[in-house]
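Notes for the one structure printed next.
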Amino acid sequence: MTPTSTPAVTDFPDVAEIPKVVRPYGDQTGDGMVQVSFTLPLPHDKRAEGAALQLAGKMGIEPALLVHAKPIGDGFTFFVVYGSVKHLVEPGLVEVVEREFPLLSGKEINTAIKRHLRRKLVVVGACIGTDAHTVGIDAILNIKGFAGEKGLEYHREIKVVNLGAQVLVPDLVERARAEKADAVLVSQVVTQRDAHIHNTTAMSAAFREAFPAGKVPLLVVGGPRFEEGSAATLGVDRIFGRGTTPGEVASYLVHALVPQGAATSHSKGA
Ligand code: B12
């Protein structure tokens, strides 16, 4: 497993081995030290610094130390505050979402598609809306890949059409139709005013309107700020977050699009 990929639940120690309660660590075990950063709409002066400490106190950081304050444009100040919280964290109560498919090797991916789909698996990818952050989707699609893994283009049995940045949803729908896409891979990195949420739900609605039920391509969305497990709410089939590797995506596509039982689990898998 690469350091950036999502760990499988089996990689964590048994719940019985995890301490029942922990507190943040700063200088010594259990001192509760945390560091937070935020911006206040106030010009940088003593009152603004006092306001930052007041906020820290209200957040339960007590005592709080102002370690950084910097004006960032007219009437705004950026702060970093360091201090101790009293809160107790119970790791045993955390619900971990387990990866629902095994990780496959490149060879297993090509073999499963060739043997069971009997044609190339077609993927159309894009950054939609005004989003111009293509590094993430390129990391998944382009041959150069990410984190030591080759991108989807590298797989002989996968045809990749990468439409790039700022693609309009109607254009994406048309291209997906023209290419007879099995899967549509969309990237959303900018989250200002929940743009990633609005763009994803609009994209999903457009596909469901344009294609008959049961014929909609697999809708896969990725980006660093999506909530794990929010696919159903957004009307898509799967969400991939921060640190996703191309191998995870290719394995998921086989899991979702190639008839069950076609691929065998690889030793690297969950
Ligand atoms: C590089 C960069 C740019 C470059 C983009 C160049 C390019 N061709 O992509 C440029 C300079 C153009 C740029 C512009 C802007 N940027 Co910018 N940018 C970044 C930066 C520094 C890195 C992003 C990146 O490349 N990450 C590396 C990739 C590999 O990671 P990733 O995108 O998360 O992708 C991984 C996963 O999320 C996932 N994934 C992503 N997409 C998909 C899709 C699928 C289908 C799947 C399966 C997986 C997947 O897999 C990838 C690999 O693991 C980030 C800050 C940061 N450190 O993250 C800011 C950042 C994203 N930008 C930001 C902003 C605000 C902007 C601008 C609005 C700035 C401005 N005022 O002009 C503009 C917007 C331009 C636009 N129209 O979109 C903000 C966004 C804040 C927010 N809340 O949304 C950030 C977070 C910086 C910040 N802290 O303020 N930016």
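Note that these values count all heavy atoms, side chains included, but never hydrogens, waters or copies made by symmetry. When a ligand or atom number is given, it counts from 1 through the structure's own listing order. Here, residue 1 is the first one in the sequence, and each next residue gets the next number.
Residue Gln166 approaches ligand 1 through these ligand atoms, each under 4.0 Å from one of its heavy atoms: 77 (N). Every atom of ligand 1 is numbered from 1 in the order shown, and the set under 4.0 Å from a heavy atom of Val249 is 47 (C). Each of the atoms 78 (O) of ligand 1 lies under 4.0 Å from some heavy atom of Asp131. Near Gly243, with a cut-off below 4.0 Å to any heavy atom, the atoms of ligand 1 are 53 (O). Against a heavy-atom cut-off of under 4.0 Å, Thr130 is close to the following atoms of ligand 1: 76 (C), 77 (N), 78 (O).
For atom 36 (C) of ligand 1, a protein heavy-atom neighbour is present inside the 4.0 Å cut-off. Counting protein heavy atoms under 4.0 angstrom from atom 2 (C) of ligand 1 gives one or more. Within 4.0 Å of atom 33 (O) of ligand 1, at least one protein heavy atom is present. Within a 4.0 Å radius of atom 74 (C) of ligand 1, the protein contributes at least one heavy atom. Not a single protein heavy atom sits closer than 4.0 Å to atom 56 (C) of ligand 1. Protein heavy atoms are absent from the 4.0 Å sphere centred on atom 70 (C) of ligand 1. For atom 88 (C) of ligand 1, no protein heavy-atom neighbour is found at a distance under 4.0 Å. Within a 4.0 Å radius of atom 82 (C) of ligand 1, the protein contributes at least one heavy atom.
Using a 4.5 Å heavy-atom cutoff, the side chains of Glu228 and Ile239 are not in contact. Between Leu253 and Leu218, some side-chain heavy-atom pair lies under the 4.5 Å cut-off. Side-chain contact check for Met203 versus Val236: some heavy-atom pair is nearer than 4.5 Å. By the 4.5 Å heavy-atom criterion applied to side chains, Gln35 and Val80 are counted as neighbours. Under the 4.5 Å side-chain criterion, counting only non-hydrogen atoms from C-beta, Val22 is in contact with Pro91.
For atom 5 (C) of ligand 1, the nearest non-hydrogen atom of the protein is His133 CD2, 3.7 Å. Atom 65 (C) of ligand 1 has as its closest protein heavy atom Gln192 NE2, 3.6 Å. Ranking protein heavy atoms by distance to atom 52 (C) of ligand 1, first place goes to Thr244 O, 3.3 Å. At the shortest separation from atom 84 (O) of ligand 1 among protein heavy atoms lies Thr191 N, 2.6 Å. Among protein heavy atoms, atom 39 (N) of ligand 1 sits closest to Gly223 N, 3.7 Å. Residue, atom and distance of the protein heavy atom nearest to atom 41 (N) of ligand 1 are Ser187 OG, 2.7 Å. Of all protein heavy atoms, the one lying nearest to atom 30 (O) of ligand 1 is Gly136 CA, 4.4 Å.
Comment: Lys159 engages Glu179 in a salt bridge, judged by a side-chain N to carboxylate O separation of less than 4.0 angstrom.
For Ala126 against Leu163, the heavy-atom pair with the smallest separation is CB-CB, 4.1 Å. Smallest separation of non-hydrogen atoms from Thr245 and Ile140: C-CD1, 4.1 Å.
Both the backbone and the side chain of Val135 come within 4.0 Å of ligand 1, counting heavy atoms alone. If you look at Arg225 next to ligand 1, the close heavy atoms, those under 4.0 Å, all belong to the side chain. Residue contacts with ligand 1, taken as heavy atom pairs separated by less than 4.0 Å, do not involve Thr245 at all.
Taking distance alone, with nitrogen or oxygen atoms compared against 3.5 Å, Ala132 approaches ligand 1 more closely than that limit.
Using modelled atom types, no side-chain atom of Thr39 and backbone atom of Phe78 make a donor-acceptor pair closer than 3.5 Å. The backbone N or O of Ile128 sits less than 3.5 Å from a side-chain atom of Gln188, completing a donor-acceptor pair. The backbone N or O of Pro224 lies less than 3.5 Å from no partner atom in the side chain of Arg242, so there is not a single donor-acceptor pair. In this structure a side-chain-to-backbone donor-acceptor pair under 3.5 Å is present from Arg23 to Val85. The closest donor-acceptor contact from the side chain of Glu174 to the backbone of Asp171 lies at 3.5 Å or more, if one exists at all.
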* To do: Verify salt bridge (charged side-chain N to carboxylate O under 4.0 Å, His left out) between Asp182 and Arg119, making sure each step is shown before the conclusion.
  => CA-CA 11 Å; Asp182 296 293; Arg119 60 172 172 78; 2.8 Å; yes
* Asp131 vs Asn199, side-chain hydrogen bond (donor to acceptor under 3.5 Å, both in side chains): CA-CA, chis, key distance, verdict -> CA-CA 10 Å; Asp131 206 330; Asn199 289 341; over 6 Å; no
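Considering only non-hydrogen atoms, atom 38 (C) of ligand 1 lies nearest to Gly241 out of Pro224, Gly222, Gly129, Gly241. Nearest to atom 45 (C) of ligand 1 by heavy-atom distance, out of Thr134, Val189, Asp194, Val186, is Val186.
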